Amino acid sequence: MHTREIVEALIFSAQGSLPEKDILKAVPGAGPDDIERYVTELNRMYEESGRSFRIERASSGYQYVTREEYAPYLKALHTPVRLSMASLEVLAVIAYKGPCPKQAIDSIRGVDSTSSLKSLLKHQLIDIKNGKPLLYYTTSRFLEVFGLDSLSELPDLRQFEEVFREEAGNPAGEEG
Amino acid sequence: MHTREIVEALIFSAQGSLPEKDILKAVPGAGPDDIERYVTELNRMYEESGRSFRIERASSGYQYVTREEYAPYLKALHTPVRLSMASLEVLAVIAYKGPCPKQAIDSIRGVDSTSSLKSLLKHQLIDIKNGKPLLYYTTSRFLEVFGLDSLSELPDLRQFEEVFREEAGNPAGEEG
Amino acid sequence: MLPAEAERPAPEFILRLPEFEGPLDLLLYLIEKNRFTLENLEVCPVIDQYLHYVEQARSLDVSLAGEFLEMASYLIWLKSCLLLPSAESGEGGEDFNPARELKEMLIAYRAIRQASLDLSARPLLMRDKFPRGSSQQERDVASLSIGALLQAVNAIRARTRKYVMDVIANRFDIQGMIERIEAILLNRRRVALNDVVKTEERMELVGAFVAALELSKRCIVRLVQRGLFSTIYLMRR
């Protein structure tokens, strides 16, 4: 196993751009120049063997990108985005409680929900009823994404106690 | 530009396992056998050039994964999945018997499975079908994580039962 | 990674009892320790050892899950069946074997345990191999599960340690409230806000108020309040 391939595996598996310092931490003994050299070597190998991807140096670190000529084919590909936990929380509140104002969502969650609301609006999972304050509610797209016919199909939360009931003395549950 | 490399780019840019049908849609004219052949060719090229990753079949599709020997270097970068024995048992019951209610899981294991269910839900390895009682089933994420193409790939449960029944001739078991 | 049977300390070890996933796990351990198989299983010594373990655990104040005690009483019953002279042998034409149910239970459990070990032995994503990281372009939202949504509810609850459910149970339906108010105002010129709600619940009152504001905005009603904290009336326009 060559350090170069460890660097490759690190960048390959990273979420988004991998900061150089994280690479240096993971492969002790290598310096920034080594990393850069490895990446150059890898990219040359990819190019020579006709690979459809390469490693790009971004301001924040290294990341894989597919070569531009493949973009037309990738556009056809449905690459779904996974919602963040925060967005899911906001969505859950709106689904069960909506239409409701942002203030109600924030107070139930105990944190500010601005960016999640933005992201959910962008994905058209929620919409806004005009008024003061603005009211948020879930859209038909929401039902589609969750495979529901209507909001009434959401399970009764009390029924869910069987899974989520708090165990005495072990509120965090098992970290399995 | 070769179709093989288009397939490569598609799988490469997908999040999670890319369903075979999506690949077929993106590269008209190619059949499942072609895709499989391309993947085999790509994997051979990766192996010969010492790449740290390969394509594997999972959840009725294809996904990129790093080779196992790199895991020690990558662990620091990721939050590894750690399933308890109890969670694994619950997962096995659901994989083999699911969709099934909690009561069925508890009765096979002889113990309450609440905390394991919680943990498995958190890891999105199982999900819930609404109903009374709620039914648990394994997700496509489960197939991805365990590198299974479908649940039918799991070894026959009776096979395990038989082994146990046949142990009569070998009282010491695998000990010693 | 997983505790092998052989590595577990014997249950006689007084200071610290080995831990078992459950009563069936303990029974299998005892069977293996006695070098029995399910085919040549002698149930009585295993039952005795099981009861001994439970007794020890209780004397050491180890909190045992209720299932262990349940199993203990089942085993005591089973043993009594085995020890009593089988006066009615041949009952129903079948050879009466009270241990069979236990055996079947153990076989089913053991098979599942084997299956779980088998699963765990597979190269596991995020443990033995890692997926390709995220791609840069943002696209559609992946289809989601109800489980994920309820997971989120649980996350909120765990964090805030309040009754999310209370609030949820009280969700108010603005549209329904608007319709109710409109229906009332078909026959009357005015109605007090407090008379619109059916219960004393604060959330419903809030809902009625929001509905009233909405109707006012749509120029369907006029809101009238003579002074601070006095009754709010909805007047048909």
Side-chain angles (χ1 to χ4, degrees), chain A residues 9 11-18 63-66 74-75 77-83 85-93 95-101 104 108-111 122-125 129-132 135 141 144-148 153-155 157-158 160 163-164 166 171-173, chain C residues 21 63 65 116 120 125-126 129-178 203 206-207 209-218:
Chain A
I11 304 172
F12 182 87
S13 66
Q15 290 291 328
S17 169
L18 182 63
Q63 68 184 21
Y64 271 94
V65 292
T66 47
L74 301 182
K75 266 186 200 144
L77 183 70
H78 188 76
T79 324
V81 174
R82 286 180 182 163
L83 288 183
M85 195 59 203
S87 294
L88 268 170
E89 285 185 17
V90 173
L91 203 53
V93 174
Y96 276 100
K97 200 192 173 266
C100 59
I108 285 178
R109 294 186 58 229
V111 285
K122 197 183 87 189
H123 291 302
Q124 304 183 324
L125 293 168
K129 264 195 174 65
N130 263 330
K132 280 190 180 183
L135 297 179
R141 175 82 187 121
E144 216 172 274
V145 164
F146 282 86
L148 296 165
E153 263 180 43
L154 283 174
L157 283 179
R158 269 162 307 188
F160 214 65
V163 186
F164 288 137
E166 304 273 341
Chain C
E21 295 293 339
S63 68
S116 68
S120 169
L125 204 64
M126 303 309 284
K129 56 194 185 184
F130 294 86
R132 160 95 179 90
S134 65
S135 59
Q136 289 304 301
Q137 330 105 302
E138 283 218 337
R139 296 242 158 113
D140 262 354
V141 180
S143 27
L144 281 157
S145 59
I146 294 176
L149 202 65
L150 295 167
Q151 195 65 37
V153 172
N154 190 46
I156 298 172
R157 198 184 294 181
R159 192 178 53 240
T160 60
R161 303 217 169 279
K162 278 185 215 152
Y163 272 112
V164 174
M165 259 181 50
D166 267 3
V167 183
I168 285 156
N170 290 332
R171 70 196 256 212
F172 51 83
D173 173 6
I174 306 274
Q175 189 52 43
M177 194 61 84
I178 286 175
M203 288 309 283
V206 173
F209 185 61
V210 175
L213 291 177
E214 177 66 20
L215 285 167
S216 160
K217 201 190 88 199
R218 294 187 199 164

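Residue numbers start from 1 in every chain, and the chains themselves are labelled A, B, ... in the order their sequence lines are given, proteins ahead of strands. None of these values were measured; they are calculated from a predicted model.
Neither the backbone nor the side chain of A/Leu18 comes within contact range of chain C; no heavy atoms are under 4.5 Å apart. Neither the backbone nor the side chain of A/Val90 comes within less than 4.5 Å of any heavy atom in chain C.
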List the steps, then state whether side-chain contact (heavy atoms from CB on, under 4.5 Å) holds for A/Val145 with A/His123. CA-CA 11 Å; A/Val145 164; A/His123 291 302; over 6 Å; no
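Scanning all heavy atoms of the two residues, the minimum distance from C/Ile178 to C/Leu215 falls at CG2-CD2, 3.7 Å. The shortest non-hydrogen separation linking C/Glu214 to A/Asn130 is OE1-O, 4.0 Å.
Residues meeting the side-chain contact (heavy atoms from CB on, under 4.5 Å) test with A/Phe146, sequence neighbours left out: A/Leu88, A/Leu91, A/Phe142, A/Leu148, C/Leu144, C/Leu149.
Top candidate by heavy-atom pairs under 4.5 Å with chain C, chosen from A/Met85, A/Glu144, A/Glu89, is A/Glu89.
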